[in-house]
K.L.:
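Have a look at the structure that comes next, please.
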Amino acid sequence: MKKYDIVIVGGGPAGLAAAISAKQQGIENILILEREEELGGIINQCIHTGFGIHVFKENITGPEYAQRLIDKVLSMNIDIKLNTTVLEVNNNKEITSINPKEGIFTIYTRSIILATGSKERPRGTINIPGSRYAGIYTAGTVQKFINFEGYMPGKNVVVLGTGDIALIMARRMCIEGAKVKAVVETRPYCYGKEENVLECIDEFKIPLKLKHTVLSIKGKDRVEGVTIAKVDENKKPLKDTETYIPCDSLIISVGLCSESDLIKKTKINLHEVTLAPEVNENLETPIEGIFACGNMIHMYNTADKVTIEGRELGIRASQYIKKKISA
């Protein structure tokens with residue numbers, strides 16, 4: 001198999017920007033590996049505006065933003081493998097991958113850019129008592145159901161968490177005709193951007209329960225309701241403050257962590273809480289020639305910031321390759 005100068009794992013904004021930047025620096029043998037059927041990453045399902053203000057000087061939707069980066073990559077004839085899942089990256093910069101056409105195969109490269117992004121923390125990380133009823137979703141799953149598949153996950157909803165995606169999906173559920181019974185947050189303030197609080201919570205008159213948490217979930221085959229309660233400054237539930245809210249769906253948005261499973265067998269240390277890989281000021285991991293960027297190492301609140309960092313890393317990785325070739 002062809003040996004590459006740079007292989008980029010992840011075809012979201014960070015990975016696409018890194019590929020474009022490296023190509024502009026004169027690196028020819030570049031490959032992007034993406035596990036989905038198309039490039040663009042998670043922002044393909046973000047049909048709201050708010051993207052591109054810094055990078056493109058326009059306020060556009062997620063799919064429009066992604067397409068501009070994709071079009072640039074395609075125009076530069078950068079190699080791409082879609083439907084390709086990376087199983088493992090080792091210390092020798094060998095990438096074991098799998099896809100329907102080639103089966104399991106190994107890719108050899110001088111440098112790797114890890115741009116796999118982040119994943120939502122599941123219900124298990126917050127220990128809410130109850131069985132695995134139907135109707136419990138992460139905010140990203142709900143976003144995909146509605147915006148991609150055209151399915152409504154429920155009619156009467158409680159949202160746990162006030163990150164931007166939680167606020168945006170609370171609004172989206174209202175637009176689609178659902179009743180959002182409450183948005184619940186353990187902090188004394190909303191975690192998302194102020195404009196999202198105004199546009200998603202205030203304008204749609206969604207009840208906001210700050211300094212509250214979900215204590216338990218009731219149901220048989222499907223969620224029937226949740227019990228919420230006030231919490232103290234240590235986020236411990238206060239006695240005699242319980243309120244039961246009938247609902248058929250609970251949307252959980254309790255933070256993100258790095259999508260870093262594929263490098264667990266390397267010498268790269270992962271942060272205990274965020275699972276992000278250790279990197280230096282050049283975004284290089286302890287393994288020479290393996291870099292990381294974007295939401296894999298830090299949870300950015302805009303795709304523009306991720307793209308800008310991807311561009312910078314494309315330059316740094318190119319400098320590394322040029323030194324290796326001239327050595």
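Computed from a predicted model, the values in this text were never measured in an experiment.
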K.L.:
To the closest 0.5 Å, what do you measure between OG (Ser111) and CG (Asp5)?
P.N.:
9.0 Å
K.L.:
Taking the side chain from Thr241 and the backbone from Lys230, do they hold a donor-acceptor pair closer than 3.5 Å?
P.N.:
yes
K.L.:
Determine, for Arg187 against Glu185, whether the closest basic-nitrogen to carboxylate-oxygen distance falls under 4.0 angstrom.
P.N.:
yes
K.L.:
Hydrophobic cluster membership, with links at side-chain heavy-atom distances under 4.5 Å among I/L/V/M/F/W/Y: are Val183 and Tyr244 in one?
P.N.:
no
K.L.:
For the pair Lys265 (side chain) and Leu262 (backbone), establish whether a donor and an acceptor sit closer than 3.5 Å, ignoring hydrogens and angles.
P.N.:
no
K.L.:
Should Cys247 and Val223 count as side-chain neighbours, where that means a heavy-atom distance under 4.5 Å?
P.N.:
yes
K.L.:
So, the side chain of Glu149 versus the backbone of Ile146: is there a donor-acceptor pair under 3.5 Å, distance only?
P.N.:
no
K.L.:
Using the rule that two of Ile, Leu, Val, Met, Phe, Trp, Tyr join whenever any of their side-chain heavy atoms come within less than 4.5 Å, decide whether Leu275 and Ile297 are in one cluster.
P.N.:
no
K.L.:
How about Val159 and Met173: do any of their side-chain heavy atoms sit closer than 4.5 Å?
P.N.:
no
K.L.:
If we ignore hydrogens and angles and just use 3.5 Å, is the side chain of Gln25 paired with the main-chain N or O of Lys322 as donor and acceptor?
P.N.:
no
K.L.:
Would you call Glu288 and Lys93 a salt bridge, using N to O less than 4.0 angstrom?
P.N.:
no
K.L.:
With a 4.5 Å cut-off on side-chain heavy atoms, are Ile60 and Arg68 touching?
P.N.:
yes
K.L.:
Can Glu199 and Lys193 be counted as an ion pair, charged N to O under 4.0 angstrom?
P.N.:
no
K.L.:
Are Leu210 and Leu198 connected into the same hydrophobic cluster when the rule is that any two of I, L, V, M, F, W, Y join if their side-chain heavy atoms are below 4.5 Å apart?
P.N.:
no
K.L.:
Can Asp261 and Lys119 be counted as an ion pair, charged N to O under 4.0 angstrom?
P.N.:
yes
K.L.:
Between Ile113 and Leu313, is any pair of side-chain heavy atoms under 4.5 Å apart?
P.N.:
yes
K.L.:
Can a donor-acceptor pair be found, under 3.5 Å and without considering hydrogens, that links the side chain of Thr109 to the backbone of Ile112?
P.N.:
no
K.L.:
Just by distance, no angles: are the side chains of Asn99 and Asn83 close enough, under 3.5 Å, to form a donor-acceptor pair?
P.N.:
no
K.L.:
Aromatic rings Tyr300 and His298: how do their planes relate, parallel, tilted or perpendicular, breaks at 30° and 60°?
P.N.:
perpendicular
K.L.:
Determine the interplanar angle of the Tyr151 and Phe145 rings, folded into 0 to 90°, and report it as parallel if under 30°, tilted if 30 to 60°, perpendicular if over 60°.
P.N.:
perpendicular
K.L.:
Is any side-chain heavy atom of Ile107 closer than 4.5 Å to a side-chain heavy atom of Ser97?
P.N.:
yes
K.L.:
Would you say the side-chain atoms of Asn147 and Arg172 include a donor-acceptor pair closer than 3.5 Å?
P.N.:
yes
K.L.:
Backbone N or O of Asn92 within a donor-acceptor pair of the Asn90 side chain at under 3.5 Å?
P.N.:
yes
K.L.:
Any non-hydrogen side-chain atom of Pro13 less than 4.5 Å from a side-chain atom of Leu69?
P.N.:
yes
K.L.:
Is there a donor-acceptor contact under 3.5 Å from the side chain of Asn269 to the main chain of Glu278?
P.N.:
no
K.L.:
Looking just at side-chain N and O atoms, do Gln24 and Ser21 make a donor-acceptor pair shorter than 3.5 Å?
P.N.:
no
K.L.:
Do the non-hydrogen side-chain atoms of Ser253 and Thr138 ever get within less than 4.5 Å of each other?
P.N.:
no
K.L.:
Between Ser118 and Leu256, is there a donor-acceptor pair closer than 3.5 Å when you use the side chain of the first and the backbone of the second?
P.N.:
no
K.L.:
Using 4.0 Å as the upper bound for N to carboxylate O, is an ion pair formed by Asp248 and Lys155?
P.N.:
no
K.L.:
When you compare the side chain of Lys209 with that of Ile228, does any pair of heavy atoms fall below 4.5 Å?
P.N.:
yes
K.L.:
Distance to the ring centre below 6.0 angstrom and angle to the axis at most 45 degrees; does that hold for Lys81 and Phe105?
P.N.:
yes
K.L.:
Is there a salt bridge (charged side-chain N to carboxylate O under 4.0 Å, His left out) between Glu309 and Arg316 once you walk through the steps?
P.N.:
CA-CA 11 Å; Glu309 184 171 85; Arg316 294 173 189 177; over 6 Å; no
K.L.:
If only atom types and distance count, is the side chain of Glu34 paired as donor or acceptor with the main-chain N or O of Gly11 below 3.5 Å?
P.N.:
yes
K.L.:
Kindly compute the distance separating CG (Leu208) from OG1 (Thr162), expressed to the nearest 0.5 Å.
P.N.:
7.0 Å
K.L.:
Strictly under 6.0 Å, is that where the ring centroids of Tyr4 and Tyr108 end up?
P.N.:
no
